[in-house]
Amino acid sequence: MPTPAAQTLLSQPVPRNLTDIALPRRVKFHSSPGDWRDEVLYFLLVDRFSDGREASRPLLDRNRRTAFRPHGHHRQPWRWDRWAESGAHRWQGGTLKGVESKLGYLHDLGITALWLSPVFKQRGHLNTFHGYGIQHFLDVDPRFGTRNDLVALVDAAHARGMRIILDIIFNHSGFNWVYPGGVKEPVYKPFPDRYPFGSWLGRSGEEIGNHVDEHEAGIWPAEMQAIDSYTRAGVGNLGGGSLDDPNAEHKRTDFFTLRDFSLSAPGVLDHLAACYRYWIAMTDCDGFRIDTLKHVSYEEGRNFCGAIKEFSANLGKTNFLLVGEVAGGDFAQDRYLDVLGRNLDAALDIGGMRMTLQNVAKGLAPPQTYFDGFDAGNAEMGSHRNLGQRHVSILDDHDHVFGHKIRFSSEAASEEQVVAGVALQLFTLGIPCIYYGTEQSFAGPEESEQRFLPGWKGGDHADRYLREAMFGPEHPRASGLVGLTATNGLDLTLPGFGPFGTAGAHCFDPNFHVYRRIATLAAIRQRFPVLRVGDHSCCKDQGSSSPGPGFSAMRRRCA
Amino acid sequence: MINPHGNQARGGDVVVDADLNQPGMALTVIANSMEAGGGTSAGIAHPVGSQLPIKRRSDGTAFVEIRNLAPSAVIVAVNHP
């Protein structure tokens with residue numbers, strides 16, 4: 001049952017101004033877990049996970065993949081390049097209702113908390129299916145569903161004892177305006193220089209000048225239409241400058257066409273915090289994954305996180321999870337965790353540790369290399385690995401900031417090896433996070449095809465191969481505004497971006513052996529607290545009984 | 001214990017805490033990923049429920065013997081099941 005606060009907020013139209021919002025006080029919300037180390041996270045891209053209509057499609061038969069590569073438009077034979085194009089440039093059709101329909105599948109896998117990719121409204125004419133290009137900070141993208149759908153999903157998850165983590169962005173907005181002359185990505189101007197504002201973009205991406213009045217144009221809420229809310233420094237090096245410099249290039253640059261907020265400008269940080277307070281109050285969610293945290297200054301990050309922590313605690317969510325995406329490596333993660341202190345709970349292990357985890361699981365590196373990352377005396381990896389609460393382990397994700405942009409399974413020796421990787425996550429220090437499709441050993445198309453695919457292991461839109469549509473759509477949505485329509489909104493010229501280079505077959509198989517093995521191990525983790533919170537060390541291999549490298553043994557202990 | 005090798009069985013002697021694991025005690029295997037996938041325990045090393053006796057070296061080091069762990073297999077053993 002949605003909270004009274006949700007019912008009140010849902011009864012009102014989508015706000016156009018932050019001043020339209022009256023947030024609840026002293027009402028009951030879902031409480032936080034005592035310790036996030038008790039949870040098993042699952043990260044999914046909403047557009048690529050489920051549309052809730054899998055019953056209308058067959059389960060993919062992995063032994064007959066070619067049978068699920070149908071002829072294309074006008075009876076053309078299956079074309080791999082069209083499949084790859086679909087994955088890079090089209091919304092596939094996943095929805096919040098679809099996610100809700102899979103809660104049982106996830107629960108039985110042993111998942112206790114879902115991290116959803118951003119669900120907020122994107123520009124209708126753009127294909128930002130990943131959700132990181134927000135146009136309306138107080139609305140859900142219609143391709144994902146509605147505010148009601150989101151509230152219902154959180155409510156249904158809570159009813160199963162599961163939790164929902166929303167993915168939020170306060171470093172930048174979507175591609176909602178252009179620089180003077182219609183320029184999209186001008187050369188970076190160092191601090192304190194900046195460009196003049198150009199023009200807001202209308203519903204179709206056309207320039208509309210300085211005035212925004214309709215829901216689909218510019219940016220909302222209205223407070224964010226103040227042009228000084230934006231840094232307007234152009235596009236620079238995402239790694240440029242010192243981590244400690246609040247005006248470093250990597251903190252001021254646009255993210256390509258995504259517009260950097262000037263968080264030091266009066267009111268901007270408050271406005272963004274108010275937007276996300278609205279979502280906590282409405283959805284009763286349990287935490288936030290904070291995007292691009294490295295690209296805001298320590299002070300801005302601390303103030304924003306502090307505001308969210310304070311608000312959620314006042315609702316009874318005293319352990320509302322804030323986990324940061326801090327790119328740039330383990331040192332950067334550690335630095336942000338140390339400086340932000342108790343305002344930031346954890347960081348995603350997307351730096352060198354993710355690759356080390358992969359290598360150890362594949363026997364390509366000694367197990368000690370992974371455990372060294374938890375060593376307080378190891379300056380390279382950082383002292384935060386002493387503390388499991390501050391560390392969310394990642395085997396695969398949607399970006400692979402470091403390393404090739406292919407899934408663990410793609411170059412694994414066997415499907416069973418995926419279980420070994422997930423087991424390392426489940427039984428070492430930290431909060432394990434399983435990426436969608438891992439439990440089905442998503443591995444991309446056949447090896448014989450891979451070298452012909454655009455962007456495979458690097459280059460243009462290489463990350464598409466980390467983002468298969470698990471529900472196996474027959475076709476993606478049509479590009480842009482056409483894809484927003486309920487009927488005739490499909491692009492029939494492209495196949496859906498299904499797993500393993502297929503279309504029209506889903507991959508939700510609870511009988512698949514990897515799914516079952518991970519479920520068994522997750523249940524063991526749940527049953528024995530020592531496996532979640534115990535002291536942790538690598539056991540020495542005192543002589544292998546077989547030639548070649550030995551095996552990995554770890555110990556968790558509670559005295 | 002994890003065998004990261006993709007297609008060869010592995011094993012070794014795994015050092016355990018000598019204070020918590022006295023001679024005469026044993027660890028009990030509570031999970032073996034090769035069984036969990038719907039397979040049977042027939043013929044697999046260290047099936048669920050099997051015991052790993054605590055052994056000692058002359059220097060006092062305590063250890064358990066793991067042998068023939070299947071490729072990519074994962075087992076979990078505890079001293080208080």
Side-chain angles (χ1 to χ4, degrees), chain A residues 358-367 411-424 426-427 511-525 527-528 530-531 534-535 537-559, chain B residues 1-21 27-41 44-48 52 54-81:
Chain A
Q358 288 211 359
N359 287 336
V360 170
K362 289 181 175 175
L364 302 175
E411 294 182 345
S414 66
E415 290 169 337
E416 285 82 0
Q417 209 165 46
V418 180
V419 182
V422 174
L424 275 167
L426 291 172
F427 298 127
N511 294 314
F512 184 56
H513 68 101
V514 172
Y515 175 100
R516 293 174 64 173
R517 290 172 188 190
I518 292 174
T520 298
L521 297 178
I524 290 290
R525 183 181 193 272
R527 188 173 144 208
F528 290 90
V530 67
L531 298 174
D535 181 22
S537 58
C538 182
C539 301
K540 302 291 185 190
D541 177 0
Q542 298 285 316
S544 174
S545 63
S546 49
F551 67 106
S552 304
M554 71 193 86
R555 173 176 59 215
R556 301 209 66 172
R557 182 181 66 172
C558 283
Chain B
M1 276 73 79
I2 298 172
N3 176 8
H5 201 288
N7 48 38
Q8 290 182 16
R10 284 285 184 264
D13 295 345
V14 177
V15 174
V16 297
D17 190 306
D19 293 329
L20 295 177
N21 300 283
L27 301 185
T28 302
V29 176
I30 58 171
N32 184 320
S33 65
M34 304 315 284
E35 288 178 89
T40 68
S41 59
I44 68 168
H46 309 298
V48 172
L52 302 172
I54 303 297
K55 298 188 174 182
R56 290 272 175 142
R57 296 190 190 286
S58 56
D59 64 358
T61 301
F63 67 97
V64 296
E65 291 180 342
I66 302 297
R67 298 290 183 268
N68 295 316
L69 195 59
S72 300
V74 179
I75 63 171
V76 181
V78 296
N79 59 359
H80 294 289

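What's counted below: heavy atoms across the whole structure, side chains too, no hydrogens, waters or symmetry copies. Chain naming here is simple, since letters A, B, ... match the order of the sequence lines and numbering starts at 1 in each.
In terms of heavy atoms, B:His5 sits closest to A:Gln417 at C-NE2, 4.2 Å. Of all non-hydrogen atoms in B:Val15 and A:Arg555, the two that sit nearest each other are O-NH1, 3.4 Å. Shown here for B:Ser72 and A:Ala420, the closest heavy-atom pair between the two residues is O-CB, 4.1 Å. The two residues A:Ala413 and B:Gly6 have their closest heavy-atom pair at CB-CA, 3.4 Å.
To the nearest 0.5 Å, atoms OG (B:Ser33) and CZ (A:Arg516) are separated by 13.0 Å. Between the CG atom in B:Asn7 and the CD atom in A:Glu416 there is a gap of 11.0 Å [rounded to 0.5 Å]. Here the CE-CE distance, from B:Met1 to A:Met554, works out to 9.5 Å after rounding to the nearest 0.5 Å.
Residue A:Phe512: no heavy atom, backbone or side chain, is found under 4.5 Å from chain B. Both the backbone and the side chain of A:Leu424 come within less than 4.5 Å of a heavy atom in chain B. For B:Asp17, the parts lying near chain A are the backbone and the side chain together; criterion is any non-hydrogen pair under 4.5 Å. With a 4.5 angstrom heavy-atom cutoff, A:Val418 does not touch chain B via any of its atoms.
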Got a list of side-chain donor-acceptor pairs under 3.5 Å for residues 74-81 of chain B, not counting sequence neighbours?
{"from": "B:Asn79", "atom 1": "ND2", "to": "B:Asn21", "atom 2": "OD1", "distance (Å)": "3.4"}

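Counting heavy atoms from C-beta outward, A:Phe528 and B:Ile30 have side chains that approach closer than 4.5 Å.
Highest contact tally toward chain B, considering only A:Leu521, A:Thr520, A:Ile524, is held by A:Ile524 [criterion: heavy-atom pairs under 4.5 Å].
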